[in-house]
Amino acid sequence: MEEVLVKQIFRDPETYLGRAVQVSGWVRTIRVSKSFGFIELNDGSFFHNIQIVFDDTLPNFQEIAKLPIATALRIEGQLVESPGAKQPWEIKAERITIEGRSEPDYPLQKKRHSLEFLRTIAHLRPRSNTFSAVFRVRSLAAYAIHRFFQERNFVYVHTPIITGSDCEGAGQMFRVTTLDFADIPRDEEGRVDFRQDFFGRETHLTVSGQLEAETFCMAFRNVYTFGPTFRAENSNTPRHAAEFWMVEPEIAFADLNDNMALAEEMLKYIINYCLEQAPEEMAFFNRFIDPDLLARLDNVVNSDFGVITYTEAIELLKKADQDFKYPVAWGADLQTEHERYLTEKIFKKPVFVIDYPKEIKAFYMRLNDDGRTVAAMDLLVPGVGEIIGGSQREERLPLLEARMKECGLDFADYWWYLELRKYGGTKHAGFGLGFERAIMYLTGMANIRDVLPFPRTVKSAEF
RNA sequence: UCCUCGAUAGCUCAACGGUAGAGCACCCGGCUGUUAACCGGGCGGUUGUUGGUUCGAAUCCAACUCGAGGAGCCA
């Protein structure tokens with residue numbers, strides 16, 4: 001008999017209606033009366049379950065009726081129209097085979113669980129409705145990103161996970177070493193002798209692939225990275241994880257405006273792709289996670305993102321009829337409350353804040369003609385905050401070196417990065433998209449721990 | 001790292017100084033079209049840990065552990 005995926009049945013019912021089919025999957029719930037019962041079966045291919053009707057003409061009716069949730073079954077039967085109101089079709093079972101038993105103490109129940117509890121059973125939570133939807137959308141969004149860039153002739157670069165430069169500048173890093181902690185080698189001055197370590201130097205997990213991506217940008221014109229990123233910051237918030245995924249495009253012969261246009265087009269592409277490919281999951285989020293989700297995404301897709309300079313933003317915030325805990329002043333970084341006010345109260349949609357004071361931004365960002373701001377951009381979105389950070393890069397060698405000197409950086413650590421400016425350096429730009437933050441925005445999930453399959457956060461790496 | 005809140009049955013919660021309870025789950029029984037099925041019965045606890053106050057502590061106090069929210073850092 002033909003094995004059919006539940007997704008095939010839902011997407012193409014005419015082909016299967018009235019025919020003999022075989023499905024296999026896991027029991028989500030069983031409801032039984034004296035001589036018949038219903039099984040809701042999820043086969044993993046589709047968000048929704050298929051209803052199985054079985055009765056006591058089956059030789060193992062009594063056994064099936066008492067099966068616990070999560071039991072794996074194979075069902076042979078006929079796909080028929082369902083008299084019930086909640087499902088268009090069902091399978092009238094002619095044979096039910098138990099593929100894998102479960103136990104009555106299966107922790108996932110037929111009721112709503114808290115997300116906090118589900119985090120403690122990360123190995124089982126993908127079987128719940130919410131996480132089934134989250135991780136299918138995550139998969140689709142990842143594919144959408146590759147499709148978006150590949151369709152535009154971008155080259156996918158695998159920048160290294162282990163980095164030899166501890167000066168990538170984006171915060172605390174995880175150390176990578178094979179040295180024996182019980183017997184650490186020392187140099188002549190008593191410091192740890194990393195010459196004896198695996199790579200012969202200090203190494204860490206990457207905090208960004210940008211500097212390496214820039215090298216490929218100067219060869220392939222338009223490139224992107226998409227991979228894991230690690231930050232050892234002691235951050236305890238719903239928006240930070242120690243291991244997360246980042247998308248970092250880098251485009252040559254391009255300025256900040258090109259950069260913003262790319263970011264906006266990319267986000268809209270991802271949203272559209274997920275809405276098209278996972279309508280059931282998106283409808284679920286809208287119903288149970290965030291009732292404004294679909295309206296908000298629709299608004300994002302059909303409107304232009306806002307753009308405001310840092311200087312304009314400061315003026316707006318100064319005039320705001322709202323008391324901020326932190327003072328608003330030119331030269332100070334925007335606080336979370338300021339960003340929320342801008343994107344949630346004023347714009348009510350994604351907004352780029354551009355042209356920040358150079359003092360509060362990274363050394364590689366291109367100096368504007370005013371001499372005191374750089375061509376940086378942060379994309380702020382309601383509810384999630386900063387989702388993208390990027391800039392036009394400083395391609396003028398003397399200006400880059402001057403800026404590095406101001407920041408106290410050693411040219412020797414960046415010799416290959418500086419040579420990009422020496423040999424045919426051109427204007428270029430790029431940004432980093434926090435993949436999980438994009439998924440949060442896309443699904444309405446409020447905690448980054450609930451969009452990562454096995455989240456790594458401070459004091460937490462059990463699974 | 002700082003601030004705030006929380007931890008009671010497998011889960012979600014109640015009890016707020018005087019004998020620890022409910023719903024759901026689970027187990028048993030009933031039910032011929034269910035929809036987080038329904039109806040009846042049953043099982044289920046060293047109240048996060050350690051110490052203190054008190055005749056008496058789930059309840060008050062302290063420390064610790066873990067969790068959540070806010071802040072900082074950022075994506």
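It should be emphasised that the depicted structure is a prediction, and the values quoted were computed from it without experimental measurement. Chain identifiers are assigned alphabetically (A, B, ...) following the order of the sequence lines, protein sequences preceding nucleic acid strands; residue numbering begins at 1 within each chain.
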Ignoring backbone atoms, establish whether [X] has a side-chain N or O less than 4.0 Å from OP1 or OP2 of [N].
X	N	answer
Arg449(A)	rG67(B)	no
Lys66(A)	rG29(B)	yes
Thr336(A)	rG70(B)	no
Gln335(A)	rA71(B)	no
Asn447(A)	rG69(B)	yes
Lys34(A)	rU32(B)	no
Arg340(A)	rA71(B)	no

Given atom [atom1] of [X] and atom [atom2] of [N], what is their separation to the nearest angstrom?
X	N	atom1	atom2	answer
Met173(A)	rA75(B)	CE	P	13 Å
Glu233(A)	rC2(B)	CD	P	16 Å
Glu40(A)	rA36(B)	CD	P	8 Å
Leu67(A)	rC27(B)	CG	C1'	15 Å
Asp105(A)	rC24(B)	CG	C1'	16 Å
Phe61(A)	rU32(B)	CZ	P	11 Å
Lys110(A)	rU34(B)	NZ	P	16 Å
Leu442(A)	rA75(B)	CG	P	20 Å

State plainly whether the residues [X] and [Y] are in salt-bridge range, i.e. N to O under 4.0 Å.
X	Y	answer
Asp55(A)	Lys92(A)	yes
Glu250(A)	Arg393(A)	yes
Lys325(A)	Glu337(A)	no
Glu243(A)	Arg231(A)	no
Lys358(A)	Glu406(A)	yes
Glu63(A)	Arg101(A)	yes

* Asked: Do the ring planes of Phe10(A) and Trp89(A) sit parallel (below 30°), tilted (30 to 60°) or perpendicular (above 60°)?
  -> perpendicular
Report which part of the nucleic acid [X] touches: base, sugar-phosphate, or nothing (heavy-atom distance under 4.0 Å, all strands).
X	value
Tyr106(A)	nothing
Ala241(A)	base
Gly432(A)	sugar-phosphate
Lys459(A)	sugar-phosphate
Ile388(A)	sugar-phosphate
Ser82(A)	base
Glu462(A)	nothing
Gln51(A)	base
Pro238(A)	sugar-phosphate
Asn234(A)	base

* Hey, which of these two, Thr29(A) or Pro68(A), hits RNA chain B nearer its 5' end, going by closest nucleotide? -> Pro68(A)
* Of Lys361(A) and Val458(A), whose closest RNA chain B nucleotide lies nearer the 5' terminus? -> Val458(A)
* To do: Rounded to whole angstrom, note down the P distance from rU50(B) over to rC13(B).
  =>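 Going atom to atom, P in each nucleotide, I get 25 Å.
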* To do: With C1' as the reference atom in both, quote the distance from rG45(B) to rA20(B) in angstrom, rounded to an integer.
  =>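 Approximately 8 Å lies between the C1' atom of rG45(B) and that of rA20(B).
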* To do: Return yes if some donor-acceptor pair links the side-chain N/O of His428(A) with the main-chain N/O of Asp255(A) below 3.5 Å, else return no.
  =>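 Checked: no pair found.
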* Asked: Are Phe244(A) and the base of rA75(B) stacked, counting only ring centres nearer than 5.5 Å and planes tilted under 30°?
  -> yes
* **Nucleotide paired to rA63(B) in any strand shown, Watson-Crick or G-U, under 3.5 Å** => rU49(B)
* Reading nucleotides 6-14 of chain B from the 5' end, what letters show protein touch, with B for base, S for backbone sugar-phosphate only, - for no heavy atom under 4.0 Å? -> ----BBS--
* CG of Asn60(A) to CD of Gln62(A): how many Å apart, nearest 0.5 Å? ->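 Spacing of CG (Asn60(A)) from CD (Gln62(A)) equals 10.0 Å.
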